[in-house]
Structure formats: C-alpha cells, structure tokens
Amino acid sequence: MKNREIAELLYETADIMEFQQIEWKPRAYRRAAQNIENLGEDIEKVYERKEKKGLTEIPGIGEAIADHIAEYLETGKVKKFEDLKGKAPSGTTELMEIRGLGAKKTKRLADELKIKTVSDLKAAVNAHRIRRLEGFGERSEENIARALRNYEKSHSRMALGKALPLAEEIIFVLKTSLKTSLKTELGSKTPKIDLSKLIYTGSLRRLKETIGDIDILAEAEGEQVGKVMDAFVSLPAVGQVVSKGNTRSSVILKEGPEVDLRVVPPESYGAALQYFTGSKEHNIELRNIAQREGYKLSEYGLYEKASGKHVAGKSEEEVYRKLGLEYIVPELRENRGEIKAAIKKTLPKLIDAGDLRGDFHLHTDYSEGRASLETMVKKAETIGYEYIAVTDHSRSQRIAHGMEIDTLKAQWDEIEKLSKRFRMKILRGSEVEILKDGSLDYPDEVLKKLDIVVGAVHSGFSSTEREMTGRIVTALENRHLDILAHPSGKLLGKREAYAADFGTVFETAAANGKVMEINSQPSRLDLNDELILRAKEYGLKFCISTDSHSVSDLASMRYGLGQARRGWLEKEDVVNTYPYSRLKEVFKKLRD
DNA sequence: GCCGTTTTCGGCCCGACTGTTTTCAGTCG
C-alpha cells in the first residue's frame with residue numbers, strides 16, 4: 001500500500017513549492033495528498049484497474065498530479081519533484097516544521113544566512129546572528145531558540161489514550177480553579193461562567209488515533225474572559241506560555257504537548273465548537289457550502305453575506321441545520337463523504353457505548369494479565385456486560401506465559417465454577433498464536449472445545465508481504481478461528497503495520513465469515529478508522545475488544561469505540577452489541 | 001494545480017496573535 005508514501009511525497013513537494021513562493025499549487029498538492037490518505041483503498045490497485053483515469057476520479061487529483069502518481073508507481077520516482085527538490089536546500093522541509101518558521105522566513109534564513117539545516121539554525125541562534133537580520137530582532141531569535149528546543153523534544157503525535165485523560169485532567173483542574181476564583185468574588189454582578197461549556201475540541205473530540213495538540217474551548221464574556229485566560233496560563237501543569245490574548249491563548253505543558261484555549265461569547269459558542277473541532281478539510285468544505293448558499297461562516301457564526309446578519313452560532317446543530325445539513329457527529333468530520341451524506345440525509349446511525357454487551361479479548365494472571373480471573377469477571381459484571389471471553393495466550397507465546405493445554409483445562413474448570421456464581425456468561429476463549437505457517441498454536445481437539453478462538457500474529461514482523469499475507473490467509477481459512485486480533489500489528493509511534501495485503505486478508509475473512517477485531521488498547525487502536533472503512537467494504541463484521549491486561553484496562557473500550565465510529569460503523573456491524581442469544585449466528589462453536 | 005448551481009477562466013476559508021513594521025506581513029490552526 002503506497003497511499004501514505006505518495007501522500008508524504010505530495011506534502012513534501014507542497015512545502016518546497018511554498019518555499020519557492022509558488023502560489024496556489026501547494027494548496028492543490030496538499031488537498032490531493034489529504035484525499036489519498038483518506039482514500040480507504042490501495043491507490044496502486046486503483047491504478048492497476050483503471051490506469052490514469054481511475055486516479056483523476058479521486059477528488060483533488062487532475063491530469064498533472066495523476067501523471068506524477070503514475071510515474072511514481074511505474075518508476076519509483078517523479079522527475080519533476082526530484083528537480084524541484086534539487087533546487088531547494090536539503091533541510092528545507094524539516095526547517096519548515098519548526099513552529100514559527102514558514103516558507104518566507106525559511107527562505108530568508110537560507111538566502112541571507114545560509115541556514116539550510118536544523119543544526120545550521122541552532123548555530124546561528126547561538127551566535128546571535130538571527131537578531132541582526134532585518135525584521136527579525138531579539139524576540140524572534142528567542143522564539144526560534146525555544147521552538148527549536150520544543151522541536152527536538154517532541155515533534156511526534158501523542159496517542160489518543162494518553163491525550164484524552166490528560167485533557168480531562170486539565171479541564172477538571174481549570175474548572176476547579178475557576179470555581180474557586182468565582183466564589184471569592186461573591187456579590188459581583190457579572191454573569192457567571194457556564195463551566196459545562198468548557199470542553200476539549202480539535203482532533204481529540206474527533207477521537208483521532210493520535211493527537212497533535214490539545215484544544216480547549218470556553219464560553220465567557222466581558223471581564224470574565226481575562227479571568228479564564230489568567231487561570232489557564234497559571235495552571236500548575238503549564239511549562240511555558242506561547243501566546244496570550246483575548247480570544248486565544250497557547251501554552252506548552254511540562255509534559256510536552258501544546259494546549260490551546262479559545263474563549264468565545266455565548267452567541268458564537270456553537271460556531272466556535274464546530275470550527276475548532278475541525279477537521280480543517282471538513283470546515284473548508286462547509287465554508288464552501290456556506291458561500292454557495294450566500295452565507296459567510298466563521299468561528300463566530302453564520303452570517304448572511306449581503307446584510308452581514310448573524311443567523312446561527314449558538315449551537316453546532318443550528319449551524320448545520322441552517323446550511324441544509326443533518327447534524328454530523330465529530331467522529332465523522334473528516335471530509336470522507338459525511339457532508340454529501342448529511343445533505344442527502346443518509347448519515348449512518350453510529351454505534352454507541354450503550355450498545356456494547358461484552359468483551360471478547362482479555363487476559364488474566366493465567367498468562368500475562370495482572371489480575372485474577374475472578375477479579376476480571378467481577379469488574380466486567382459491574383460494567384454491566386452480558387458476556388465476556390477469557391482469552392489468555394496460547395502455549396508458544398513464552399514471553400507472555402502462554403498456557404500449556406493442562407493449564408488451559410484448569411482455567412476451564414475455574415470458569416465453570418465462577419459461572420455458577422455470576423450472572424454473566426463467561427466464555428472459554430484463547431488468544432491463539434498464528435504460527436509462521438499459518439497454523440494455530442493448539443491442536444484441533446483443543447480448539448473445538450473453545451467457545452471463541454481469537455487468532456493473532458506476534459512474531460515475524462519483518463516477513464515479506466507475500467509471506468505475511470499467506471500466513472494470515474491460512475489462519476482465516478481455518479474453521480476454528482473466529483476473530484482476527486489486532487489485524488495490522490502496528491504499535492502507535494513504535495512499530496508500523498506489518499506488510500500484508502489487506503485487500504486479500506479482508507476478502508478471505510469475509511468469505512469465511514470471520515470477525516475483525518478493533519483492539520482498544522491505547523498503544524494499538526488496530527484496526528484503525530482507515531482500515532475499518534476498507535474492511536467494511538468487504539461486508540465484514542467487527543468486534544470492539546479491550547485486550548485488557550488489568551482491571552483498569554477494561555475502560556479502554558472507549559478508544560476502540562471511537563475508531564469504530566470514525567469508521568462509520570453501526571450497531572449491526574459490531575457483534576459484541578448482539579445479545580448472547582444471537583451470538584451463535586457468528587460463533588458456531590458457542591455452547592448454550 | 002484543481003474545479004465548476006459563479007462552469008473552461010478566475011478564483012482558491014477566515015480570523016487571531018506576534019513582532020517590529022508605524023499600518024502590516026508572516027504564521028498558525
């Protein structure tokens with residue numbers, strides 16, 4: 001799959017063009033790159049099937065870019081891009097990633113100070129050569145120095161599972177601080193701040209698998225604004241204040257990530273929430289619609305273009321309705337067809353947290369889990385689940401204390417005993433290793449006694465695409481396998497997905513009635529939204545599982561649920577929303 | 001370079017903050 005590769009190439013080319021002060025083209029290139037990332041289909045396959053014509057059918061790709069992509073797929077490079085790159089200094093695109101440095105400044109640094117790489121920049125900062133440049137000055141130099149330190153510390157994205165609790169914590173502390181300061185001015189006549197309106201927005205609200213920075217929105221007016229901003233920049237977690245204004249302030253936390261706070265008045269709250277939730281691509285599309293309909297849309301509201309009259313903005317729902325659209329939930333706002341669906345009123349009714357009735361992937365201290373079987377069962381029952389599957393590792397997973405057959409049977413005995421004491425159905429499961437040759441890690445007579453077999457790959461990540469695809473396909477053709485766990489094998493920020501032809505994997509899975517897991521572990525989120533969208537095309541069913549290794553992990557469900565919603569899944573697509581009585585339709589070996 | 005209920009040319013989202021600039025350009029989201 002070369003989608004990401006090609007998108008990266010287009011983004012890089014856009015940066016270089018911008019550096020060379022070429023107008024408009026960078027925008028076209030970025031838009032094309034974005035659409036390739038969101039394609040949900042292998043671009044190579046598109047090209048094989050329909051050649052260049054297929055490429056130009058992708059939005060944002062016309063004749064010229066289609067030719068470049070074709071050239072890349074045929075030869076592995078694009079002559080025009082190579083030439084372009086040859087004319088720009090080698091470190092250009094990297095320098096432009098540093099906060100505060102865009103195309104113009106990078107160009108001036110290169111032209112006037114011969115700064116071409118990050119280390120050139122560092123040297124220039126240390127020698128105070130930047131402040132002598134016309135239009136730069138001492139402050140600019142200090143800011144570049146700080147941005148440089150930040151860039152080196154972390155220019156990677158944070159996992160959703162880390163960012164979300166962090167944002168919740170910040171909001172909680174900010175609310176507490178504001179409550180206290182509001183109380184101390186008892187008797188003041190200024191309107192109170194509605195603290196329920198203090199929420200996180202941005203990619204976090206869209207539950208994207210990784211987060212660049214944390215965006216927070218608050219509602220306040222008049223002198224209250226200053227109070228919110230003051231409370232925000234003086235939070236204990238703040239390491240550095242980047243900017244502070246009347247509508248926006250920006251800080252960098254000691255922990256690393258940047259947090260932006262925007263404050264808007266009540267009549268604009270909905271428009272601002274919509275705007276800051278993004279995505280950027282979704283918003284641009286929305287503004288285009290607004291323009292066509294004779295409106296102007298900004299974070300302050302929807303305005304009639306002719307009269308300048310404010311016609312919507314109090315709530316998000318109002319903004320969408322006024323534009324003739326069904327309300328679109330944050331998880332769908334990626335410009336992946338949701339706007340067209342909202343116009344036609346054919347948006348999916350997404351799966352909700354309340355729909356989930358069980359969990360098909362969890363570990364106990366029989367293998368690498370940290371809690372006992374009984375503790376896990378007890379906690380799952382408190383959540384209100386109707387069933388769970390206990391899926392400890394199979395025998396060849398030595399590192400994870402994989403279970404020999406005798407131990408597995410002992411676990412079945414304990415499950416039997418516990419079943420008498422708990423209302424919830426406890427299923428005999430196993431996370432069975434898919435071995436190098438695609439066979440499963442227990443003999444058939446053991447597998448057939450399991451209620452649920454969750455197959456997983458944990459080794460041989462550097463296999464070729466052919467080997468890995470063959471291995472998984474063989475496993476999917478095994479009648480004992482029910483669920484394919486963490487199908488892509490990626491670890492966020494640590495390990496790429498293994499090379500496998502997911503088209504073939506999904507096709508085989510669909511033909512054999514297998515279920516695809518959406519693994520909710522914060523470090524995995526696998527399948528992610530893009531692969532879910534692809535898998536759904538093949539008519540596959542999914543399950544959202546936590547892969548819990550401790551009691552607290554059971555709460556990770558919300559991250560997997562987020563990916564499912566981003567992947568347009570409805571209740572019916574996800575088998576752990578089915579009542580137990582219906583599960584037999586999916587898992588044939590299930591006992592009554 | 002792309003696109004079209006403004007349709008084959010002429011647009012291309014919009015507003016806030018910073019710094020050094022005395023009226024605005026650059027950058028960001």
Side-chain angles (χ1 to χ4, degrees), chain A residues 10 13-15 17-19 21-35 55-69 80-81 84 95-109 130-144 146-147 201-204 211-217 225 229 241-251 258-264 268 271-272 274-303 305 324 335 343:
Chain A
L10 293 175
T13 307
D15 281 346
M17 285 174 159
E18 200 155 59
F19 176 81
Q21 328 292 314
I22 297 172
E23 283 191 295
W24 303 117
K25 289 189 192 185
R27 172 170 303 192
Y29 273 71
R30 291 198 181 104
R31 183 172 266 242
Q34 159 81 21
N35 286 326
L55 297 177
T56 56
E57 281 168 10
I58 300 168
I61 297 182
E63 288 292 312
I65 294 182
D67 279 335
H68 296 325
I69 294 172
K80 192 183 148 157
F81 296 172
L84 206 57
L95 281 171
M96 283 169 70
E97 276 175 40
I98 293 169
R99 191 190 168 86
L101 292 187
K104 298 262 168 67
K105 286 189 184 170
T106 310
K107 180 118 186 10
R108 289 202 48 209
L109 290 174
I130 301 211
R131 63 177 66 177
R132 295 203 294 269
L133 266 189
E134 199 190 328
F136 274 75
E138 208 170 318
R139 292 292 289 275
S140 305
E141 189 175 273
E142 280 165 21
N143 285 337
I144 290 174
R146 251 203 308 264
T201 66
S203 51
L204 198 52
I211 307 298
D213 58 13
I214 296 172
D215 296 300
I216 298 174
L217 179 68
V225 175
M229 290 304 186
V241 180
V242 179
S243 65
K244 184 170 176 249
N246 270 327
T247 59
R248 187 175 110 201
S249 293
S250 229
V251 302
E258 181 174 324
V259 187
D260 290 351
L261 174 70
R262 328 270 177 150
V263 182
V264 294
S268 297
Q274 194 291 313
Y275 177 78
F276 294 123
T277 297
S279 66
K280 194 172 162 188
E281 290 72 24
H282 175 91
N283 286 352
I284 288 175
E285 205 50 45
L286 221 54
R287 287 185 176 203
N288 286 337
I289 291 178
Q291 279 214 325
R292 282 206 295 273
E293 304 285 324
Y295 296 115
K296 191 190 71 156
L297 179 62
S298 78
E299 58 262 53
Y300 293 108
L302 189 65
Y303 300 86
K305 219 191 258 175
N335 197 21
I343 293 171

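Numbers restart at 1 for each chain; the letters A, B, ... are given by sequence-line order, proteins then strands. None of these values were measured; they are calculated from a predicted model.
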Tell me what A:Pro59 touches on the nucleic acid: a base, only sugar-phosphate, or nothing, going by heavy atoms under 4.0 Å. sugar-phosphate
Separation of atom CE in A:Met17 from atom C1' in B:dC2, rounded to whole Å: 13 Å
Tell me which nucleotide among B:dC17, B:dG15, B:dC2 gets nearest to the side chain of A:Ser298. B:dG15
Less than 4.0 angstrom between a side-chain N/O of A:Ser250 and OP1 or OP2 of B:dC28, yes or no? no
Find the distance A:Lys244:NZ to B:dC17:C1' and express it as a whole number of Å. 13 Å
Answer with base, sugar-phosphate or nothing: what part of the nucleic acid does A:Leu101 contact at a heavy-atom distance below 4.0 Å? sugar-phosphate
On a whole-Å scale, what distance lies between the P atoms belonging to B:dG26 and B:dT20? 14 Å
Between atom CD in A:Glu23 and atom P in B:dC12, what is the gap in whole Å? 13 Å
For A:Ile98, which contact category applies under a 4.0 Å heavy-atom criterion: base, sugar-phosphate, or nothing? sugar-phosphate
Compile the donor-acceptor pairs under 3.5 Å between side chains in residues 58-68 of chain A and protein atoms, sequence neighbours left out, one pair per line.
| from | atom 1 | to | atom 2 | distance (Å) |
| --- | --- | --- | --- | --- |
| A:Glu63 | OE1 | A:Lys52 | NZ | 3.0 |
| A:Asp67 | OD1 | A:Lys52 | NZ | 3.1 |

Nearest-Å distance once atom P is located in both B:dC9 and B:dG15: 31 Å
Work out how far the P atom of B:dC12 is from that of B:dT6, and round it to whole angstrom. 13 Å
In whole angstrom, give me the gap between the P atoms of B:dC28 and B:dT23. 25 Å
Under the criterion side-chain contact (heavy atoms from CB on, under 4.5 Å), which of A:Val259, A:Asp215, A:Leu261, A:Val242 is the partner of A:Ser250? A:Val242
Using a 4.0 Å heavy-atom cut-off across all strands, classify A:Glu293 as base, sugar-phosphate, or nothing. nothing
Please determine if a side-chain N or O atom of A:Tyr300 lies less than 4.0 Å away from the OP1 or OP2 oxygen of B:dC14. no
Does any residue of residues 276-285 of chain A have a heavy atom under 4.0 Å from DNA chain B, and if so, which ones, in number order? A:Lys280, A:Ile284
Can you check the A:Phe136 CZ to B:dT18 P distance for me, whole Å? 18 Å
Below 4.0 Å: OP1/OP2 of B:dG11 and any side-chain N or O of A:Gln291: no
Between B:dC3 and B:dT8 - C1' atom distance, rounded Å: 10 Å
With side chains defined as the heavy atoms from C-beta onward, is the minimum distance between A:Phe81 and A:Leu10 less than 4.5 Å? yes
Test log, rule side chain to side chain contact (heavy atoms under 4.5 Å, CB included), inputs A:Thr247 and A:Tyr300: CA-CA 11 Å; A:Thr247 59; A:Tyr300 293 108; 3.7 Å; yes
Applying side chain to side chain contact (heavy atoms under 4.5 Å, CB included) to A:Tyr275 and A:Arg287, what does each step give before you reach the verdict? CA-CA 10 Å; A:Tyr275 177 78; A:Arg287 287 185 176 203; 2.9 Å; yes
Compare the minimum distances between each of B:dC14, B:dA16, B:dC2 and the side chain of A:Lys296, then state the nucleotide with the smallest one. B:dC14
Residue whose nearest DNA chain B nucleotide is more 5′ - A:Ala103 or A:Asn246: A:Asn246
Looking only at the side chain of A:Ile65 (C-beta and beyond, no hydrogens), which of the listed nucleotides B:dT20, B:dC2, B:dG29 gets closest? B:dC2
Whole angstrom is fine here: how far is it from CD1 in A:Ile22 over to C1' in B:dC12? 17 Å
Distance criterion of 3.5 Å, no angle test: do you see the side chain of A:Tyr275 paired donor-to-acceptor with the base of B:dG29? yes
Rounded to whole angstrom units, what separation is found between the CD atom of A:Glu57 and the P atom of B:dC2? 15 Å
Using a heavy-atom cut-off of 4.0 Å across all strands, would you classify A:Arg31 as base, sugar-phosphate, or nothing? nothing
Which part of the nucleic acid, if any, lies within reach of A:Lys80 when heavy atoms closer than 4.0 Å are counted: base, sugar-phosphate only, or nothing? sugar-phosphate
Integer-rounded Å distance: B:dC28 P and A:Arg99 CZ: 7 Å
Heavy-atom count check: over 12 atoms from other residues, nucleotides or ligands less than 6.0 Å from A:Gln21 CD? yes
Which nucleotide wins on minimum distance to the side chain of A:Glu299, given the candidates B:dG15, B:dG1, B:dT27? B:dG15
Nearest-angstrom distance, P atom, B:dG11 to B:dA16: 25 Å
Nucleotide forming a Watson-Crick or wobble pair with B:dC24, both distances under 3.5 Å: B:dG19
Side chain to side chain contact (heavy atoms under 4.5 Å, CB included), that's the test. Do A:Glu299 and A:Val264 meet it? Break it down for me. CA-CA 9 Å; A:Glu299 58 262 53; A:Val264 294; 5.7 Å; no
Between A:Gly102 and A:Val242, name the one whose nearest nucleotide on DNA chain B is closer to the 5' end. A:Val242
Note, A:Arg30 side chain near A:Glu18 side chain (heavy atom, < 4.5 Å): yes
Compare the minimum distances between each of B:dG26, B:dG29, B:dG1 and the side chain of A:Lys104, then state the nucleotide with the smallest one. B:dG26
Mind checking if A:Lys105 touches a base, just sugar-phosphate, or nothing, with heavy atoms under 4.0 Å? sugar-phosphate
Give the nucleotide from the list B:dG1, B:dT6, B:dG29 with an atom nearest to the side chain of A:Arg292. B:dT6
Assess whether atom CD of A:Glu142 is packed by more than 12 heavy atoms of other residues, nucleotides or ligands within 6.0 Å. yes
Taking salt bridge (charged side-chain N to carboxylate O under 4.0 Å, His left out) as the test, write out the residues that go with A:Asp213, two or more places apart. none
Hey, does the side chain of A:Thr247 come within less than 4.0 Å of B:dC17's phosphate (OP1/OP2), counting only N and O? yes
Whole angstrom value for the distance that separates P of B:dT6 from CG of A:Asn288: 12 Å
